[in-house]
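Note sheet for the following structure.
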2 protein chains.
Amino acid sequence: MQELKERIRREGKVLPGNIIKVDGFLNHRVDTKLMADIADEFAKFFDVSNITMVLTAEASGIALATICAEKYKVPMVFAKKAKSDNIEGGLYQSEIYSYTYKKKVTQILSKEWMTAGDRVLIVDDFMANGEAVRGLCDLVSQAGAQLMGIGIAVEKGFQGGGDRLRNQGLNYHALAVIEQADGNGIVFREDT
Amino acid sequence: MQELKERIRREGKVLPGNIIKVDGFLNHRVDTKLMADIADEFAKFFDVSNITMVLTAEASGIALATICAEKYKVPMVFAKKAKSDNIEGGLYQSEIYSYTYKKKVTQILSKEWMTAGDRVLIVDDFMANGEAVRGLCDLVSQAGAQLMGIGIAVEKGFQGGGDRLRNQGLNYHALAVIEQADGNGIVFREDT
(Lines give C-alpha, C1' and ligand atoms only; values in the text may rest on other atoms or scores of the structure.)
Protein backbone atom coordinates (compact mmCIF):
# COMPACT_ATOMS: atom_id res chain seq x y z
CA MET A 1 0.00 0.00 0.00
CA GLN A 2 1.82 3.01 -1.32
CA GLU A 3 0.36 5.63 1.02
CA LEU A 4 1.36 3.61 4.08
CA LYS A 5 4.87 2.94 2.80
CA GLU A 6 5.36 6.63 2.11
CA ARG A 7 4.28 7.53 5.63
CA ILE A 8 6.71 4.99 7.06
CA ARG A 9 9.54 6.32 4.87
CA ARG A 10 8.76 9.92 5.74
CA GLU A 11 7.91 9.67 9.44
CA GLY A 12 9.19 6.31 10.65
CA LYS A 13 12.32 6.25 12.80
CA VAL A 14 14.82 3.44 12.93
CA LEU A 15 16.32 2.93 16.38
CA PRO A 16 19.19 0.67 17.40
CA GLY A 17 18.19 -3.00 17.50
CA ASN A 18 16.07 -2.81 14.35
CA ILE A 19 13.31 -1.05 16.23
CA ILE A 20 11.00 0.88 13.92
CA LYS A 21 9.00 3.67 15.50
CA VAL A 22 5.80 4.61 13.72
CA ASP A 23 4.18 6.17 16.74
CA GLY A 24 3.35 9.47 15.04
CA PHE A 25 0.57 7.98 12.94
CA LEU A 26 0.00 4.34 13.90
CA ASN A 27 0.33 3.40 17.55
CA HIS A 28 0.62 6.36 19.91
CA ARG A 29 -0.75 9.25 17.93
CA VAL A 30 -3.16 7.70 15.42
CA ASP A 31 -4.04 9.21 12.04
CA THR A 32 -7.65 8.08 11.77
CA LYS A 33 -7.88 9.04 8.08
CA LEU A 34 -4.96 6.72 7.33
CA MET A 35 -6.67 3.99 9.37
CA ALA A 36 -9.77 4.41 7.18
CA ASP A 37 -7.64 4.07 4.04
CA ILE A 38 -6.02 0.92 5.47
CA ALA A 39 -9.49 -0.49 6.22
CA ASP A 40 -10.48 0.13 2.59
CA GLU A 41 -7.30 -1.58 1.43
CA PHE A 42 -7.97 -4.67 3.58
CA ALA A 43 -11.40 -4.86 1.93
CA LYS A 44 -9.63 -5.65 -1.37
CA PHE A 45 -8.06 -8.79 0.14
CA PHE A 46 -10.78 -10.06 2.46
CA ASP A 47 -14.48 -10.72 1.95
CA VAL A 48 -15.47 -8.22 4.63
CA SER A 49 -19.16 -8.49 3.76
CA ASN A 50 -19.03 -12.07 5.02
CA ILE A 51 -17.41 -11.61 8.45
CA THR A 52 -19.23 -11.32 11.77
CA MET A 53 -16.51 -9.60 13.80
CA VAL A 54 -13.07 -8.00 13.76
CA LEU A 55 -10.70 -9.34 16.42
CA THR A 56 -7.55 -7.64 17.69
CA ALA A 57 -5.26 -7.57 20.71
CA GLU A 58 -4.94 -4.94 23.43
CA ALA A 59 -3.79 -2.22 23.14
CA SER A 60 -2.38 -0.66 19.99
CA GLY A 61 -4.42 -2.76 17.55
CA ILE A 62 -7.66 -1.36 18.89
CA ALA A 63 -7.66 1.90 16.92
CA LEU A 64 -7.23 0.27 13.50
CA ALA A 65 -9.58 -2.61 14.32
CA THR A 66 -12.26 -0.15 15.44
CA ILE A 67 -12.18 1.76 12.15
CA CYS A 68 -12.24 -1.52 10.21
CA ALA A 69 -15.22 -2.81 12.21
CA GLU A 70 -17.08 0.45 11.76
CA LYS A 71 -16.56 0.31 7.99
CA TYR A 72 -17.47 -3.37 7.71
CA LYS A 73 -20.49 -2.87 10.03
CA VAL A 74 -19.56 -5.57 12.53
CA PRO A 75 -18.50 -5.45 16.19
CA MET A 76 -14.85 -5.06 17.18
CA VAL A 77 -13.64 -7.43 19.89
CA PHE A 78 -10.26 -7.16 21.58
CA ALA A 79 -8.44 -9.82 23.55
CA LYS A 80 -7.27 -8.44 26.87
CA LYS A 81 -4.03 -9.01 28.68
CA ALA A 82 -4.83 -11.00 31.81
CA LYS A 83 -4.52 -8.85 34.91
CA SER A 84 -3.29 -11.64 37.16
CA ASP A 85 -2.84 -15.40 37.40
CA ASN A 86 -6.27 -15.55 38.97
CA ILE A 87 -8.33 -15.89 35.80
CA GLU A 88 -12.08 -16.15 36.15
CA GLY A 89 -14.14 -18.72 34.26
CA GLY A 90 -15.93 -18.31 30.97
CA LEU A 91 -12.81 -17.22 29.10
CA TYR A 92 -10.72 -18.43 26.22
CA GLN A 93 -7.03 -18.07 27.05
CA SER A 94 -3.85 -18.16 25.05
CA GLU A 95 -0.27 -17.91 26.26
CA ILE A 96 2.09 -15.79 24.21
CA TYR A 97 5.59 -14.47 24.72
CA SER A 98 5.85 -10.70 24.68
CA TYR A 99 9.18 -9.52 23.30
CA THR A 100 8.28 -5.99 24.37
CA TYR A 101 7.72 -6.96 28.00
CA LYS A 102 10.16 -9.90 27.88
CA LYS A 103 7.73 -12.20 29.64
CA LYS A 104 4.81 -14.51 29.06
CA VAL A 105 1.47 -12.78 28.67
CA THR A 106 -1.95 -14.40 28.80
CA GLN A 107 -4.53 -13.14 26.32
CA ILE A 108 -8.10 -13.59 27.48
CA LEU A 109 -11.41 -13.32 25.69
CA SER A 110 -14.87 -13.83 27.13
CA LYS A 111 -16.61 -16.86 25.62
CA GLU A 112 -19.71 -14.69 25.31
CA TRP A 113 -18.23 -12.59 22.52
CA MET A 114 -16.93 -15.23 20.11
CA THR A 115 -18.74 -18.48 19.34
CA ALA A 116 -18.64 -21.31 16.82
CA GLY A 117 -20.87 -19.39 14.42
CA ASP A 118 -18.48 -16.46 14.08
CA ARG A 119 -16.48 -15.65 10.95
CA VAL A 120 -13.50 -13.71 12.22
CA LEU A 121 -11.14 -11.23 10.60
CA ILE A 122 -8.04 -10.64 12.73
CA VAL A 123 -6.56 -7.16 12.39
CA ASP A 124 -3.44 -5.71 13.97
CA ASP A 125 -1.37 -2.60 13.41
CA PHE A 126 2.05 -4.18 13.64
CA MET A 127 3.60 -7.62 13.37
CA ALA A 128 7.12 -8.54 14.45
CA ASN A 129 7.49 -12.05 15.83
CA GLY A 130 3.80 -12.66 15.39
CA GLU A 131 3.14 -13.83 18.91
CA ALA A 132 0.07 -11.63 19.42
CA VAL A 133 -1.53 -12.90 16.21
CA ARG A 134 -0.58 -16.51 17.01
CA GLY A 135 -2.46 -16.08 20.29
CA LEU A 136 -5.48 -14.58 18.53
CA CYS A 137 -5.59 -17.49 16.05
CA ASP A 138 -5.52 -19.84 19.02
CA LEU A 139 -8.51 -18.03 20.58
CA VAL A 140 -10.46 -18.33 17.30
CA SER A 141 -9.65 -22.03 17.23
CA GLN A 142 -10.75 -22.54 20.85
CA ALA A 143 -14.09 -20.94 19.99
CA GLY A 144 -14.51 -23.21 16.98
CA ALA A 145 -15.02 -20.05 14.96
CA GLN A 146 -13.93 -19.63 11.36
CA LEU A 147 -10.79 -17.62 10.64
CA MET A 148 -11.56 -15.59 7.51
CA GLY A 149 -8.27 -13.74 7.28
CA ILE A 150 -5.50 -11.83 9.00
CA GLY A 151 -4.82 -8.23 8.03
CA ILE A 152 -1.70 -6.44 9.26
CA ALA A 153 -0.76 -2.84 8.52
CA VAL A 154 3.02 -2.97 9.05
CA GLU A 155 5.05 -6.19 9.14
CA LYS A 156 8.69 -6.50 10.11
CA GLY A 157 9.37 -9.12 7.45
CA PHE A 158 12.85 -9.95 8.71
CA GLN A 159 11.50 -11.20 12.05
CA GLY A 160 9.62 -14.07 10.47
CA GLY A 161 6.19 -13.78 12.07
CA GLY A 162 4.39 -13.02 8.82
CA ASP A 163 6.17 -15.73 6.84
CA ARG A 164 5.22 -18.36 9.40
CA LEU A 165 1.55 -17.45 8.84
CA ARG A 166 1.96 -17.40 5.04
CA ASN A 167 3.58 -20.83 5.19
CA GLN A 168 0.58 -22.16 7.05
CA GLY A 169 -1.55 -21.24 4.05
CA LEU A 170 -3.55 -18.72 6.00
CA ASN A 171 -5.31 -15.85 4.24
CA TYR A 172 -2.72 -13.38 5.46
CA HIS A 173 -1.99 -9.92 4.05
CA ALA A 174 0.33 -7.19 5.30
CA LEU A 175 0.17 -3.81 3.59
CA ALA A 176 3.78 -2.78 4.17
CA VAL A 177 6.45 -5.42 4.74
CA ILE A 178 9.74 -4.01 5.98
CA GLU A 179 12.63 -6.20 4.89
CA GLN A 180 15.45 -4.13 6.27
CA ALA A 181 15.68 -1.22 8.70
CA ASP A 182 18.99 0.17 9.80
CA GLY A 183 21.22 3.20 9.45
CA ASN A 184 20.82 2.93 5.67
CA GLY A 185 17.09 3.47 5.89
CA ILE A 186 14.03 1.32 5.35
CA VAL A 187 13.67 -1.22 2.54
CA PHE A 188 10.29 -2.75 1.74
CA ARG A 189 9.60 -6.18 0.33
CA GLU A 190 8.10 -5.97 -3.15
CA ASP A 191 4.35 -5.56 -3.22
CA THR A 192 2.66 -8.95 -3.28
CA MET B 1 -28.29 9.94 26.13
CA GLN B 2 -31.32 7.71 25.88
CA GLU B 3 -29.87 5.11 23.48
CA LEU B 4 -26.88 4.51 25.75
CA LYS B 5 -28.99 4.26 28.91
CA GLU B 6 -31.26 1.73 27.23
CA ARG B 7 -28.29 -0.40 26.22
CA ILE B 8 -26.96 -0.30 29.78
CA ARG B 9 -30.39 -1.24 31.18
CA ARG B 10 -30.86 -4.04 28.67
CA GLU B 11 -27.35 -5.51 28.49
CA GLY B 12 -25.45 -4.24 31.51
CA LYS B 13 -24.82 -6.65 34.37
CA VAL B 14 -24.49 -5.67 37.99
CA LEU B 15 -21.98 -7.80 39.89
CA PRO B 16 -21.29 -7.87 43.63
CA GLY B 17 -19.32 -4.82 44.79
CA ASN B 18 -21.24 -2.38 42.58
CA ILE B 19 -19.36 -3.56 39.53
CA ILE B 20 -21.20 -2.78 36.31
CA LYS B 21 -20.27 -4.88 33.29
CA VAL B 22 -20.93 -3.30 29.93
CA ASP B 23 -18.44 -5.43 28.06
CA GLY B 24 -20.89 -6.57 25.40
CA PHE B 25 -21.00 -3.19 23.66
CA LEU B 26 -18.50 -0.81 25.28
CA ASN B 27 -15.21 -2.25 26.46
CA HIS B 28 -14.53 -5.81 25.33
CA ARG B 29 -16.86 -6.30 22.37
CA VAL B 30 -17.41 -2.80 20.98
CA ASP B 31 -20.52 -1.72 19.07
CA THR B 32 -18.94 0.74 16.64
CA LYS B 33 -22.31 2.13 15.52
CA LEU B 34 -23.07 3.05 19.13
CA MET B 35 -19.61 4.64 19.40
CA ALA B 36 -20.46 6.78 16.36
CA ASP B 37 -23.72 7.87 17.99
CA ILE B 38 -21.85 8.74 21.19
CA ALA B 39 -19.35 10.78 19.16
CA ASP B 40 -22.25 12.70 17.60
CA GLU B 41 -23.71 13.31 21.06
CA PHE B 42 -20.40 14.66 22.41
CA ALA B 43 -20.42 17.10 19.49
CA LYS B 44 -23.49 18.75 21.04
CA PHE B 45 -21.55 19.59 24.21
CA PHE B 46 -18.09 20.37 22.88
CA ASP B 47 -16.86 22.64 20.12
CA VAL B 48 -15.28 19.77 18.22
CA SER B 49 -14.50 21.95 15.20
CA ASN B 50 -12.04 23.84 17.41
CA ILE B 51 -9.98 20.96 18.84
CA THR B 52 -6.65 19.68 17.54
CA MET B 53 -6.69 16.20 19.10
CA VAL B 54 -8.66 13.64 21.08
CA LEU B 55 -6.78 12.22 24.07
CA THR B 56 -7.60 8.99 25.91
CA ALA B 57 -5.98 6.35 28.10
CA GLU B 58 -4.92 2.82 27.19
CA ALA B 59 -6.71 0.53 26.68
CA SER B 60 -10.48 0.52 26.64
CA GLY B 61 -10.90 4.22 25.84
CA ILE B 62 -9.13 3.78 22.51
CA ALA B 63 -12.12 2.46 20.54
CA LEU B 64 -14.46 5.34 21.41
CA ALA B 65 -11.71 7.96 21.12
CA THR B 66 -10.78 6.66 17.67
CA ILE B 67 -14.32 7.00 16.34
CA CYS B 68 -14.57 10.48 17.87
CA ALA B 69 -11.27 11.56 16.32
CA GLU B 70 -12.29 10.19 12.94
CA LYS B 71 -15.56 12.12 13.03
CA TYR B 72 -13.94 15.35 14.25
CA LYS B 73 -11.10 14.95 11.72
CA VAL B 74 -8.25 15.19 14.23
CA PRO B 75 -5.65 12.68 15.44
CA MET B 76 -6.34 10.37 18.38
CA VAL B 77 -3.58 10.13 20.96
CA PHE B 78 -3.55 7.62 23.81
CA ALA B 79 -1.51 7.77 26.98
CA LYS B 80 0.25 4.48 27.55
CA LYS B 81 0.77 2.58 30.75
CA ALA B 82 4.47 2.64 31.53
CA LYS B 83 6.05 -0.73 30.95
CA SER B 84 8.61 -0.42 33.70
CA ASP B 85 10.19 2.02 36.13
CA ASN B 86 12.84 2.65 33.51
CA ILE B 87 11.12 5.49 31.66
CA GLU B 88 12.93 7.03 28.72
CA GLY B 89 13.16 10.77 28.23
CA GLY B 90 10.93 13.00 26.15
CA LEU B 91 7.78 11.96 27.95
CA TYR B 92 5.09 13.54 30.04
CA GLN B 93 4.26 11.33 33.00
CA SER B 94 1.43 11.18 35.50
CA GLU B 95 1.00 8.88 38.47
CA ILE B 96 -2.45 7.47 39.06
CA TYR B 97 -3.90 4.80 41.30
CA SER B 98 -5.57 1.94 39.45
CA TYR B 99 -8.45 0.48 41.46
CA THR B 100 -8.68 -2.33 38.91
CA TYR B 101 -5.06 -3.37 39.36
CA LYS B 102 -4.88 -2.13 42.97
CA LYS B 103 -1.55 -0.43 42.40
CA LYS B 104 0.02 2.76 41.14
CA VAL B 105 0.23 3.10 37.39
CA THR B 106 2.30 5.61 35.44
CA GLN B 107 0.68 7.10 32.33
CA ILE B 108 3.18 8.24 29.73
CA LEU B 109 2.83 10.37 26.63
CA SER B 110 5.52 11.38 24.18
CA LYS B 111 6.16 15.13 24.23
CA GLU B 112 6.17 14.99 20.44
CA TRP B 113 2.44 14.34 20.24
CA MET B 114 1.03 17.08 22.49
CA THR B 115 2.38 20.60 22.68
CA ALA B 116 1.42 24.02 24.01
CA GLY B 117 -0.53 24.83 20.86
CA ASP B 118 -2.91 21.88 21.21
CA ARG B 119 -6.59 22.18 22.10
CA VAL B 120 -7.44 18.84 23.66
CA LEU B 121 -10.70 16.95 24.09
CA ILE B 122 -10.32 14.10 26.59
CA VAL B 123 -12.59 11.11 25.88
CA ASP B 124 -13.03 7.93 27.87
CA ASP B 125 -15.55 5.12 27.83
CA PHE B 126 -15.99 4.73 31.57
CA MET B 127 -15.39 6.76 34.71
CA ALA B 128 -15.44 5.43 38.25
CA ASN B 129 -12.99 7.08 40.61
CA GLY B 130 -11.71 9.27 37.83
CA GLU B 131 -8.04 8.47 38.29
CA ALA B 132 -7.38 7.86 34.58
CA VAL B 133 -8.93 11.20 33.60
CA ARG B 134 -7.15 13.01 36.44
CA GLY B 135 -3.90 11.69 35.02
CA LEU B 136 -4.84 12.77 31.48
CA CYS B 137 -5.68 16.31 32.71
CA ASP B 138 -2.27 16.37 34.37
CA LEU B 139 -0.59 15.43 31.07
CA VAL B 140 -2.46 18.23 29.27
CA SER B 141 -1.32 20.65 31.93
CA GLN B 142 2.32 19.49 31.68
CA ALA B 143 2.19 20.16 27.93
CA GLY B 144 0.79 23.64 28.51
CA ALA B 145 -2.00 22.62 26.13
CA GLN B 146 -5.57 23.83 26.43
CA LEU B 147 -8.18 21.46 27.86
CA MET B 148 -11.32 22.00 25.79
CA GLY B 149 -13.50 19.43 27.50
CA ILE B 150 -13.90 15.96 28.95
CA GLY B 151 -16.43 13.55 27.46
CA ILE B 152 -17.31 10.30 29.20
CA ALA B 153 -19.76 7.69 27.96
CA VAL B 154 -20.67 5.96 31.23
CA GLU B 155 -20.03 7.43 34.69
CA LYS B 156 -20.48 5.64 37.98
CA GLY B 157 -21.88 8.72 39.69
CA PHE B 158 -21.78 7.22 43.17
CA GLN B 159 -17.98 6.88 43.09
CA GLY B 160 -17.42 10.62 42.91
CA GLY B 161 -14.92 10.93 40.08
CA GLY B 162 -17.26 12.88 37.80
CA ASP B 163 -18.48 15.21 40.55
CA ARG B 164 -14.90 16.14 41.46
CA LEU B 165 -14.36 17.28 37.86
CA ARG B 166 -17.71 19.14 37.76
CA ASN B 167 -16.80 20.91 41.00
CA GLN B 168 -13.56 22.11 39.43
CA GLY B 169 -15.65 23.93 36.84
CA LEU B 170 -14.30 21.85 33.99
CA ASN B 171 -16.29 21.41 30.78
CA TYR B 172 -17.25 17.88 31.72
CA HIS B 173 -20.11 15.80 30.31
CA ALA B 174 -21.05 12.18 30.88
CA LEU B 175 -23.80 10.70 28.72
CA ALA B 176 -25.08 8.16 31.23
CA VAL B 177 -24.53 8.70 34.95
CA ILE B 178 -25.32 5.63 37.06
CA GLU B 179 -26.42 6.66 40.55
CA GLN B 180 -27.18 3.23 41.91
CA ALA B 181 -26.41 -0.31 40.80
CA ASP B 182 -27.32 -3.28 42.93
CA GLY B 183 -29.70 -6.21 43.11
CA ASN B 184 -32.58 -3.82 42.50
CA GLY B 185 -31.19 -2.81 39.12
CA ILE B 186 -29.63 0.32 37.68
CA VAL B 187 -30.80 3.86 38.46
CA PHE B 188 -29.56 6.79 36.38
CA ARG B 189 -29.07 10.37 37.52
CA GLU B 190 -31.51 12.70 35.78
CA ASP B 191 -30.30 13.98 32.43
CA THR B 192 -28.34 17.17 32.89
Side-chain angles (χ1 to χ4, degrees), chain A residues 11 13 15 21 23-36 39 52-84 88 90-91 98 100-103 108-115 118 125, chain B residues 11 13 15 21 23-37 39 52-81 83-84 88 90-91 98 100-103 108-115 118 125:
Chain A
E11 299 174 36
K13 283 168 215 147
L15 304 185
K21 278 190 86 170
D23 66 346
F25 55 95
L26 191 65
N27 50 24
H28 188 15
R29 180 170 68 169
V30 177
D31 179 339
T32 53
K33 171 67 171 62
L34 177 64
M35 298 305 105
T52 60
M53 59 186 278
V54 171
L55 177 67
T56 193
E58 179 183 340
S60 70
I62 296 174
L64 175 58
T66 299
I67 300 277
C68 288
E70 186 197 25
K71 279 202 176 254
Y72 313 151
K73 301 188 193 308
V74 293
M76 186 280 291
V77 177
F78 63 96
K80 301 186 180 195
K81 293 170 194 155
K83 292 186 180 69
S84 68
E88 56 179 316
L91 297 167
S98 166
T100 311
Y101 294 84
K102 295 187 177 50
K103 63 173 185 181
I108 56 175
L109 180 66
S110 169
K111 290 185 178 177
E112 280 187 277
W113 313 131
M114 186 167 58
T115 60
D118 275 309
D125 60 325
Chain B
E11 299 175 36
K13 284 170 213 143
L15 303 184
K21 278 189 85 169
D23 66 345
F25 56 95
L26 191 64
N27 50 25
H28 188 14
R29 179 170 69 171
V30 177
D31 179 339
T32 53
K33 170 66 171 66
L34 177 64
M35 298 305 106
D37 293 343
T52 60
M53 58 184 280
V54 171
L55 177 68
T56 194
E58 178 184 341
S60 70
I62 295 174
L64 175 58
T66 299
I67 300 276
C68 289
E70 186 197 24
K71 279 201 176 254
Y72 312 153
K73 301 186 192 309
V74 293
M76 186 280 291
V77 177
F78 64 96
K80 301 187 179 195
K81 292 169 194 159
K83 292 186 180 70
S84 68
E88 55 179 316
L91 297 167
S98 166
T100 311
Y101 293 83
K102 294 188 177 54
K103 65 173 184 182
I108 56 175
L109 180 66
S110 169
K111 290 184 179 177
E112 280 187 278
W113 312 131
M114 186 166 59
T115 60
D118 275 310
D125 60 326

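In what follows, chains carry the letters A, B, and so on, assigned in the order in which the sequence lines appear, proteins first and then strands, with residues in each chain numbered from 1.
Other residues, nucleotides and ligands contribute only 12 or fewer heavy atoms inside 6.0 Å of the NZ atom of A/Lys73.
Taking the charged nitrogens against the carboxylate oxygens, A/Glu112 and B/Lys13 do have a contact shorter than 4.0 Å, which makes a salt bridge.
With a 4.5 angstrom heavy-atom cutoff, B/Val54 does not touch chain A via any of its atoms. Both the backbone and the side chain of B/Glu70 come within less than 4.5 Å of a heavy atom in chain A. Heavy-atom distances place both the backbone and the side chain of B/Leu109 under 4.5 Å from chain A.
Contact check for B/Thr66 versus A/Ile62: no side-chain heavy atoms found under the 4.5 Å cut-off. A heavy-atom distance below 4.5 Å is found between the side chains of A/Ser60 and B/Phe78.
Side chain of B/His28 to backbone of A/Val77: no donor-acceptor contact under 3.5 angstrom is found.
Chain B forms more heavy-atom pairs under 4.5 Å with one residue of A/Leu34, A/Ile67, A/Leu55, A/Asp31 than with any other, namely A/Ile67.
Interatomic distance, CD of A/Glu58 versus CD of B/Glu58, reported as 6.5 Å (0.5 Å rounding).
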